[in-house]
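Sequence lines set the chain letters: A, B, ... in the order given, protein chains first and strands last, and positions in each chain run from 1. Because only heavy atoms are used, hydrogens play no part in the values below, and waters and symmetry mates are left out as well, while side chains stay in.
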Number of protein chains: 2
Amino acid sequence: MSTSKEPYHHGDLRPALLAAAEALLVAGGPAGLSLRAVARAAGVSHNAPYRHFASREALLAALAAEGFGRLGAALRQAGGLAGQGRAYLAFAAEHPALYRLMFGAELQGTSHPALREAAAGAFAALAGVAADRSTALAAWALVHGLAGLRADGHWPADVDPLAVLSIAIPAKP
Amino acid sequence: MSTSKEPYHHGDLRPALLAAAEALLVAGGPAGLSLRAVARAAGVSHNAPYRHFASREALLAALAAEGFGRLGAALRQAGGLAGQGRAYLAFAAEHPALYRLMFGAELQGTSHPALREAAAGAFAALAGVAADRSTALAAWALVHGLAGLRADGHWPADVDPLAVLSIAIPAKP
DNA sequence: GGGCGATGTTGGCGGCGACAACATCGAGGA
DNA sequence: TCCTCGATGTTGTCGCCGCCAACATCGCCC
């Protein structure tokens, strides 16, 4: 019979928990993301996550850090200021829940060094291609604002963010 | 003795709850904002808030809507595109927790008509002074991005957001 | 002046985050 | 080869929370 009992030890629980957490985050937002629900989704007991994450907040921080890693990789892969802008907006559009978690208030008071580091890494990718530091910051703020307004549903459907992008940010001289 | 018992009815509970909620929000972020804690802070029983707000989410939405109202008023009072940019950044800098709530993921899936309306009112104030709609949206996105990065601690301390603002957004012709 | 709706209280249920104690497994030294 | 030990997962529990139900108290209007 194939009723082979699940082994006592999962074997690869940490990534499984992160994957389950991201699915729950997409499905129900951060409010619906309980540690116990994540554990249920991964098929383990309600306390198993504590062997891999110190708290619910630590799990969210790990998820956000992973998101910053992915965003940084996408930025590094894209070419030029405009290309990075496109990549940034695409990331936010494809993973709005994760993007909101990365920049959201859930992790605000918290100081998770790995999270800060991951964020800094992503931003470093942006800074590399701009004419100077102020321009890079302006570009980042603009793209971040566009992404946030779109993710939050405040952006009118009939306006292309990319067109707006080209209005404000001058190309590298 | 002046041990005059508190009257059975508070008399003005709704604004008191909102004020207590904002204080708790500033103190501990949205995660620390429980309906029961708000009730305790206002000196009423744990169920009294339900006479004024249908749910915790409704209270948060009301708080955010109030924030949008204040932001819109500040924008309408400010003159010119640059003045509005300053006012927007000042609001976000003075009330970072409220600003994050207004745009945060807490209220994401939720459709509170009053909240949407309040947000639209604030944005209408911004749109009134720009050269055209695309420029207004670009200015809004840029200022919103600046405010968000600052509120989340991603903005370098040695760069003036206002200077960056003037880089990107052309003045009204 | 008396009823009634608005407002506030107590009580309770299920879910959650976190802690403690116990169970199970695999690896590595005797 | 076997046995111990640390890593990983489980059950049990506590207090807090959101929300529902039932009851208490007040002011207003007939």
Round to the nearest Å and state the distance from B/Glu106 atom CD to D/dG18 atom P.
12 Å
What is the distance, rounded to the nearest whole Å, between atom OH of A/Tyr50 and atom P of D/dT11?
16 Å
Any sub-3.5 Å donor-acceptor pair from A/Glu117's side-chain atoms to A/His112's backbone N or O?
no
Taking A/Arg14 first and then A/Glu66, would you say they form a salt bridge - that is, a charged N and a carboxylate O separated by under 4.0 Å?
no
A/Arg56 side chain N/O closer than 4.0 Å to the phosphate oxygens (OP1, OP2) of C/dG15?
no
How many Å lie between CZ on B/Phe53 and C1' on D/dC19, as a whole number?
16 Å
With a 4.0 Å cut-off on heavy atoms, is A/Ser45 in touch with a base, just the backbone sugar-phosphate, or nothing at all?
base
Distance criterion of 3.5 Å, no angle test: do you see the side chain of A/Arg36 paired donor-to-acceptor with the base of C/dG15?
no
OP1, OP2 of D/dA7 versus side-chain N and O of A/His52: anything below 4.0 Å?
no
In whole angstrom, give the distance that lies between atom CG of B/Asp12 and atom P of C/dA6.
18 Å
Contact class for A/Arg14 (heavy atom, under 4.0 Å): base, sugar-phosphate, or nothing?
nothing
Taking the ring of B/Phe68 and the ring of B/Tyr99, is the distance between their centroids below 6.0 Å?
no
Nucleotide nearest A/Leu35 when distance is taken to its side chain, options D/dC17, C/dG17, C/dT9:
C/dG17
Should the ring pair B/Phe103 and B/His144 be called parallel, tilted or perpendicular, given that the plane angle runs from 0 to 90° and is split at 30 and 60?
tilted
With distance as the sole criterion, do the side chain of A/Arg51 and the base of D/dG9 form a donor-acceptor contact below 3.5 Å?
yes
If hydrophobic clusters are built from ILVMFWY residues whose side chains come within less than 4.5 Å, do A/Leu98 and A/Val26 share one?
no
Can a donor-acceptor pair under 3.5 Å be found between the side-chain atoms of B/His46 and the base atoms of C/dG8?
no
B/Arg40 has an atom CZ; how far is it from atom C1' of D/dG18, in whole Å?
13 Å
Starting the side chain at C-beta, find the nucleotide from C/dC16, D/dA21, C/dG8 nearest to B/Asn47.
D/dA21
